[in-house]
Colleague: 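Dropping the structure in here first, questions after.
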There are 2 protein chains.
Amino acid sequence: MRLAGGTSYPGTELRVIDILLADDQELVRTALVALLELEDDFHVVATVGRGDEVVSAVERTQPMVVLLDIEMPGLDGISAAIEVHRHYPNCRIIMLTTFGRPGYLRRAMESGASGFVVKDAPAATLAATIRSVAEGRTVVDPVLAGEALSIGQSPLSPRESEVLGAFRHGAPVAEVAAHLHLSEGTVRNYLSSAITKTGTKNRASALLRAEELGWLSSP
Amino acid sequence: MRLAGGTSYPGTELRVIDILLADDQELVRTALVALLELEDDFHVVATVGRGDEVVSAVERTQPMVVLLDIEMPGLDGISAAIEVHRHYPNCRIIMLTTFGRPGYLRRAMESGASGFVVKDAPAATLAATIRSVAEGRTVVDPVLAGEALSIGQSPLSPRESEVLGAFRHGAPVAEVAAHLHLSEGTVRNYLSSAITKTGTKNRASALLRAEELGWLSSP
DNA sequence: CCTCGCGCATGACACTTGTCATCATGAATT
DNA sequence: AATTCATGATGACAAGTGTCATGCGCGAGG
């Protein structure tokens with residue numbers, strides 16, 4: 001069965017695409033395998049539930065395409081993509097994630113990914129993306145791509161996004177300052193400029209906005 | 001094929017369980033359908049992507065079991081469960097969610113659900129839960145049930161959790177006070193006691209803790 | 001070379017938050 | 001009838017937070 005994309009004529013032999021799937025939720029992972037295996041030109045050769053298991057699984061199974069969720073324990077999807085791309089540059093990577101954060105998209109593509117699909121997309125989109133990417137093309141959800149271009153990249157300096165991100169657990173300034181080996185004043189200055197640049201009025205909303213745009217560095 | 005649970009002998013006729021699936025992410029929804037349809041005693045009669053479409057879909061298709069994600073646009077899963085349970089008390093409900101918030105579990109069961117499965121669980125667990133629930137039993141992940149019992153219910157008064165929840169978007173006190181038609185002082189008092197009861201030091205961490213335990217009222 | 005941006009720091013100031021004491025009301029218990 | 005308790009309010013005070021001016025050193029680019 002084919003959900004979308006590609007062409008196959010009677011008598012044409014099928015080129016099976018070997019896929020590795022990385023997603024932290026077991027049920028979703030298994031379900032996606034069931035979905036992908038409905039296509040007769042897809043074959044899932046391995047699945048992993050942690051980012052830090054991706055590279056060794058790629059080594060073992062040599063898949064053609066790797067589907068990577070961004071939110072994963074151990075190692076996030078972007079970092080995993082960088083690792084895979086460094087060791088196996090011929091291996092195609094598709095990011096598959098819940099949120100279409102424009103900043104994520106940019107970093108994903110810079111990390112060596114060839115495709116970006118949100119979990120809100122229909123199954124046909126995923127199938128079509130896998131086939132296109134396997135053939136060497138680069139595929140990004142057009143809506144997302146437009147958003148990413150219109151919003152542009154993060155206005156936050158690396159340090160600003162690092163400091164802002166350090167407040168994700170609601171710690172007070174003093175703790176964050178100690179943790180980053182900075183003075184409290186410095187932390188408040190970075191915070192202040194991050195608040196200004198995000199167009200918000202306090203750290204909490206700055207954090208929310210930065211997060212929804214994918215402007216925060218490493219989790 | 002059967003992943004787990006139940007018994008079937010050669011010659012025994014199969015009782016097919018009609019299922020309605022509600023999940024906001026199209027890809028996950030489709031994938032879960034593919035997974036469930038692998039079982040020859042499951043049949044997915046309808047899927048919806050919004051909480052406020054659940055009841056009418058139940059009316060139309062009269063499923064035996066409803067699988068409800070908690071996070072959904074339109075109407076959250078718990079409220080949807082209450083509606084379904086009121087109109088169709090014979091229809092069995094299973095909550096299927098990303099997080100095992102103990103508070104969610106409690107409210108889910110009070111809302112008339114018969115089962116609670118986290119998306120981290122293996123597919124066999126879901127299948128077994130569906131079969132058990134269809135036969136009239138009540139099934140809750142034992143780990144989760146233990147947690148819920150050990151933590152107990154929310155110590156926050158309804159008003160406290162409402163006020164605390166109003167800070168989810170990072171608004172300052174003045175705005176929240178205006179929005180809730182309260183004086184600023186009152187808001188700060190509720191906030192203060194919520195902070196105390198969650199054992200935290202500021203509203204941000206109070207919010208995080210309350211959220212992770214499922215202590216906040218309506219989204 | 002010299003400016004510009006970034007990283008880092010200090011100190012001062014105004015404003016926001018968190019805590020506490022106190023008080024009033026109405027509903028539910030005892 | 002007395003007590004408890006959630007709701008709602010005020011005022012005062014201490015901490016925490018956000019802004020700004022100012023300073024220094026460094027590296028990249030005009």
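Per chain, numbering begins at 1; letters A, B, ... match sequence-line order. Keep in mind that this is a model prediction, so the values were computed, not measured.
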Colleague: Give me the residues of residues 177-185 of chain A where at least one heavy atom lies under 4.0 Å from an atom of DNA chain C, by number, or none.
Modeller: A:L182, A:S183, A:G185
Colleague: Is A:R107 salt-bridged to A:E110, cutoff N-O under 4.0 Å?
Modeller: no
Colleague: A side-chain contact here means heavy atoms from C-beta on lying under 4.5 Å apart; do A:H87 and A:E59 qualify?
Modeller: no
Colleague: Side chains of A:F116 and A:T129: does their closest heavy-atom pair fall under 4.5 Å?
Modeller: no
Colleague: side-chain contact (heavy atoms from CB on, under 4.5 Å) for B:V28 and A:Q25? Distances and angles first, verdict last.
Modeller: CA-CA 11 Å; B:V28 175; A:Q25 294 181 309; over 6 Å; no
Colleague: May I ask you to test the A:H169-A:E175 pair for a side-chain heavy-atom distance under 4.5 Å?
Modeller: no
Colleague: What is the distance, to the nearest angstrom, from the CG atom on B:L191 to the C1' atom on D:dA6?
Modeller: 17 Å
Colleague: Which atoms form the tightest heavy-atom contact between B:L96 and B:L32, and what is the distance?
Modeller: CD2-CD1, 3.9 Å
Colleague: Round to the nearest Å and state the distance from A:L164 atom CG to D:dT17 atom C1'.
Modeller: 14 Å
Colleague: Figure out the CD/P separation between A:E160 and C:dC6, and round it to whole Å.
Modeller: 7 Å
Colleague: Closest-nucleotide mapping onto DNA chain D: is B:N202 or B:R159 further toward the 5' terminus? I mean the 5' end.
Modeller: B:R159
Colleague: Can a side chain N or O of B:S157 be found less than 4.0 Å away from OP1 or OP2 on D:dT7?
Modeller: yes
Colleague: Please enumerate all protein N or O atoms sitting under 3.5 Å from an N or O of nucleotides 24-29 of chain D, with distances to 0.1 Å.
Modeller:
none

Colleague: Side chain of A:S192 only, heavy atoms from C-beta on: which candidate in C:dC8, D:dT19, D:dA9 is closest?
Modeller: D:dT19
Colleague: Side-chain donor-acceptor pairs under 3.5 Å in residues 66-73 of chain B, sequence neighbours left out?
Modeller:
from, atom 1, to, atom 2, distance (Å)
B:D69, OD1, B:E71, N, 3.4
B:D69, OD2, B:K119, NZ, 3.1

Colleague: Could you pull out the closest heavy-atom pair between A:V65 and A:A134, with the gap in Å?
Modeller: CG2-CB, 4.1 Å
Colleague: To check you understand the geometry: which heavy-atom pair defines the closest contact between A:A46 and A:T61, and what is its length?
Modeller: CB-CG2, 3.9 Å
Colleague: Answer with yes or no whether A:R188 presents, from its side chain, a donor or acceptor under 3.5 Å of a partner atom in the base of D:dG18.
Modeller: yes
Colleague: A:I195 side chain: which of D:dT10, D:dT19, C:dT17 is closest?
Modeller: D:dT19
Colleague: Where do A:V84 and A:C91 come nearest, in terms of heavy atoms and distance?
Modeller: CG1-SG, 4.2 Å
Colleague: Sugar-phosphate means primed atoms, P, OP1 and OP2; the rest is base. With that split, encode nucleotides 22-30 of chain C 5' to 3' as B, S or - using protein heavy atoms under 4.0 Å.
Modeller: ---------
Colleague: What is the distance, rounded to the nearest whole Å, between atom CD of A:E175 and atom P of D:dA15?
Modeller: 17 Å
Colleague: Of the options C:dC8, D:dG8, C:dG18, whose atoms approach the side-chain atoms of A:Y190 most closely?
Modeller: C:dC8
Colleague: Hey, can you pull the donor-acceptor pairs under 3.5 Å for the side chains in residues 179-187 of chain B, sequence neighbours left out?
Modeller:
from, atom 1, to, atom 2, distance (Å)
B:S183, OG, B:G185, N, 3.4
B:S183, OG, B:T186, N, 3.2
B:S183, OG, B:T186, OG1, 3.0

Colleague: Taking C-beta and beyond as the side chain, do A:R101 and A:E211 meet within less than 4.5 Å on heavy atoms?
Modeller: yes
Colleague: Which angle, rounded to 10°, do you find between the first-five-pair axis and the last-five-pair axis of the helix from C:dC1-D:dG30 to C:dT30-D:dA1?
Modeller: 30°
Colleague: Mind calculating the distance between NZ (B:K197) and C1' (C:dT19) to the nearest angstrom?
Modeller: 15 Å
Colleague: Determine the minimum heavy-atom distance between A:A81 and A:S111, stating which atoms define it.
Modeller: CB-OG, 3.5 Å
Colleague: Within the structure provided, determine whether A:W215 and A:T198 are in side-chain contact (heavy-atom separation under 4.5 Å).
Modeller: yes
